[in-house]
Every structure is written in C-alpha cells, then in structure tokens.
Asks: 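Input: one structure, supplied below.
By convention in this document, chain letters (A, B, ...) are assigned in the order of the sequence lines, proteins followed by strands, and residues within each chain are numbered from 1. Every value quoted in this text rests on a predicted model; they were computed, and no experiment measured them.
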Amino acid sequence: MSDPPRITDRDFFTGDAARLARGLLGRVLVRRLETGETLAGVIVETEAYLGARDAASHAFGNRRTARTEPMFAQPGTAYVYFTYGMHHCMNVVCGQLGVPAAVLIRALRPIAGIERMRCNRFHDRGGAGARDANLCSGPAKLCAALNIDKRFSGVDLVVSDELWLAELADGWSPKPAAIASGPRIGVEYAGEWAAKPLRFWVSGDANVSRPRAPRPRGKVDAGDSDQKPV
DNA sequence: ATGACGATTTACT
DNA sequence: GTAAATCGTCATA
C-alpha cells in the first residue's frame with residue numbers, strides 16, 4: 001500500500017471554520033516519525049473555532065500572544081497548545097492570513113502505526129485500556145498517540161514532512177447525512193457561544209470522544225443530536 | 001512576581 | 001456521578 005494522496009492545495013484550508021470542520025471528516029492525519037515510521041488516522045470528530053468573535057476561541061477578541069500566534073498564520077498551519085499541565089491538542093488553522101480561525105481535531109480512527117500508538121499512549125503500563133477505539137478518541141489522546149506536541153505549533157501542514165493531511169486512497173468521505181453536530185465540549189465558560197452546534201462527528205463511529213449528546217432525562221433517546229432520520 | 005485557570009483524561013466512589 | 005493530576009499561559013501588580 002502506498003501512502004494516501006496528500007492534500008497540497010492550500011485553498012482546501014482557506015475560509016470558514018465550520019466548513020473546514022466538516023471537510024476534514026474522513027480526511028487522514030499523517031505523522032511521520034524520524035524513524036520513518038508512519039502513524040495515521042481518519043478524522044472522525046472536529047470542532048470549529050471561529051476566531052475573534054467566538055468567546056470559546058483562544059483568539060477571542062483577537063487575543064494575540066506567543067501561544068496563539070500560529071492561529072493568525074496562513075491557512076494550513078498547525079496550532080498546538082498545552083493544557084491542564086499535561087495535555088496537548090492540535091488545530092488546523094483556516095480563515096485567512098491574520099484571521100485566527102481554526103479547527104480542533106478531536107478524534108481519529110487509527111489506520112496505520114497502531115502498535116506505536118499503543119506505546120505512545122500507554123508506555124510501559126499494561127494494555128488495559130489499549131483497545132483501538134481508545135487510542136485516539138479525544139483531542140489530547142490523539143496528540144499523545146501520534147507524538148504531537150508544541151514543537152508542531154506553527155508548522156505548515158502543506159509542506160511539512162513530519163505532519164500533514166491526506167485523502168483516503170479510495171476517496172471516501174462521509175456523506176452530509178452521516179455527519180452529526182452538536183455543542184462543543186468543555187467550553188461552558190463561553191456564554192451563548194457554548195451552545196452553538198460547532199462540533200461535528202461521523203455519526204456512529206466508535207472512535208468519537210462522546211458518542212452522543214447527553215440524553216435529557218425522561219426523554220426519548222434521539223441518538224446523535226443532528227442525525228437525519230432514515 | 002504572583003495567582004487563577006484550563007478547547008482533558010483517568011481513576012475512583 | 002466526582003476529583004485528582006499538573007504546569008504553561010495570561011492578566012494583574
């Protein structure tokens with residue numbers, strides 16, 4: 001098997017964050033280690049961060065610091081941040097140069113280098129939680145699995161030989177009806193912006209970090225919050 | 001210099 | 001369901 005075809009068109013990354021958040025579903029995040037080993041996974045969950053007007057965004061109000069600087073770079077740049085004293089999360093910058101929009105990669109379906117991912121996630125510990133669906137089912141989990149940290153913040157995903165995006169070899173991507181959406185995770189501080197449906201996932205995929213929106217007690221389970229009826 | 005907090009994960013009750 | 005882990009980042013002084 002050859003590598004899946006790399007995305008080299010910067011226009012793919014340019015423009016609206018919600019559009020790219022949907023467009024990244026079904027694309028492949030590829031990490032090439034210095035050993036030559038390839039780690040890869042299909043993106044199955046994303047969140048859009050709209051930038052200056054989005055109270056949940058690190059760049060809210062155009063807050064521009066050493067950390068957020070890559071968000072203001074050209075589309076296709078990686079923005080990786082460190083949080084909770086122990087975790088890294090990765091974004092794909094979109095918008096346009098100077099406009100800090102980005103898409104958080106929240107979950108992958110592992111397709112290459114799975115044994116190495118297990119090592120990166122669980123190190124010497126026993127493999128108790130090391131089933132495939134637990135390797136990359138969260139924004140910090142996938143960064144640990146693919147060994148992505150702050151060194152990659154500011155890297156150009158269009159040209160990097162260590163981290164990039166690709167199409168699946170067979171060209172598969174989810175049909176619009178297979179994409180569910182709901183409120184973003186962990187942004188309760190963002191007021192009215194917390195409720196906006198800017199989280200997107202492949203409906204029913206086992207690798208999604210939170211399979212469904214919280215079910216209202218006593219109500220009928222409607223499944224994925226935005227899923228179209230069959 | 002200091003203090004509060006976090007786009008999370010894990011373990012435990 | 002709740003709580004701990006753990007430290008870079010940012011605002012304030």
Asks: Atom OH of A:Y84 and atom P of B:dA11: how far apart are they, to the nearest Å?
Replies: 18 Å
Asks: In plain terms, say whether A:R22 and A:D16 are close enough for a salt bridge, that is, a side-chain N and a carboxylate O under 4.0 Å apart.
Replies: no
Asks: If you check the A:M71 side chain, which of B:dA7, B:dT8, C:dA5 turns out closest?
Replies: B:dA7
Asks: In the strands shown, is B:dC5 matched to any nucleotide by a Watson-Crick or G-U wobble pair with both distances under 3.5 Å, and which?
Replies: C:dG8
Asks: So which heavy atom on A:A52 is nearest to which on A:F60, and how close?
Replies: O-CD1, 3.1 Å
Asks: Roughly how many Å is it from CG in A:N134 to P in B:dA11, rounded to a whole number?
Replies: 9 Å
Asks: Counting the atoms with a prime plus P, OP1 and OP2 as sugar-phosphate, which does A:A140 contact under 4.0 Å by heavy atoms, base, sugar-phosphate, or nothing?
Replies: sugar-phosphate
Asks: Let's see if you can work this out: which of B:dA7, C:dC10, B:dT8 has an atom nearest to the side-chain heavy atoms of A:I185?
Replies: B:dT8
Asks: Considering only B:dG6, B:dT10, B:dT8, which nucleotide approaches the side chain of A:K141 most closely?
Replies: B:dT10
Asks: What is the distance from CD of A:E69 to P of C:dT9, rounded to the nearest Å?
Replies: 14 Å
Asks: Whether A:R106 contacts B:dT8 is assessed here as follows: a side-chain N or O lying under 4.0 Å from the phosphate OP1 or OP2. Is that the case?
Replies: yes
Asks: Picking from C:dC10, C:dG8, B:dT8, which would you name as closest to the side chain of A:T83?
Replies: B:dT8
Asks: Return the orientation label for the A:H58 and A:Y79 ring planes: parallel under 30°, perpendicular over 60°, tilted otherwise.
Replies: perpendicular
Asks: Are A:N207 and A:P110 packed together at the side-chain level, in the sense that at least one heavy-atom pair is separated by less than 4.5 angstrom?
Replies: yes
Asks: Contact class for A:R67 vs. all strands (heavy atom < 4.0 Å): base, sugar-phosphate, or nothing?
Replies: sugar-phosphate
Asks: Can you measure A:D149 atom CG to C:dC7 atom P for me and round it to whole angstrom units?
Replies: 15 Å
Asks: Counting only side-chain nitrogens and oxygens, does A:R121 get under 4.0 Å of the OP1 or OP2 atom of B:dT10?
Replies: yes
Asks: Taking all non-hydrogen atoms of both residues, which atom of A:D11 and which atom of A:R19 are closest, and how far apart?
Replies: O-NH2, 4.2 Å
Asks: Atom CZ of A:R64 to atom P of C:dT9: distance rounded to whole Å?
Replies: 17 Å
Asks: Whole Å only: how far is the CG atom of A:L104 from the P atom of B:dG6?
Replies: 16 Å
Asks: According to the 5.5 Å centroid and 30° plane-angle thresholds, does A:Y49 stack upon the nucleobase of B:dA7?
Replies: yes
Asks: I want to verify a distance call: between C:dT6, C:dC10, B:dA7, whose nearest atom is closest to the A:R63 side chain?
Replies: C:dC10
Asks: With sugar-phosphate meaning primed atoms plus P, OP1 and OP2, does A:F82 contact a base, only sugar-phosphate, or nothing at under 4.0 Å between heavy atoms?
Replies: sugar-phosphate
Asks: Between A:Y81 and B:dG6, is there a side-chain N or O to OP1/OP2 distance below 4.0 Å?
Replies: no
Asks: Do A:R106 and A:T46 pair up side chain to side chain, a donor and an acceptor below 3.5 Å, judged on atom types alone?
Replies: no
Asks: Nearest to the A:H87 side chain among B:dG6, B:dT9, C:dT9, which nucleotide is it?
Replies: B:dT9
Asks: Between B:dT9 atom P and A:E45 atom CD, what is the distance in whole Å?
Replies: 9 Å
Asks: Taking atom C1' of C:dA5 as reference, at what distance in whole Å does atom NE2 of A:H88 sit?
Replies: 15 Å
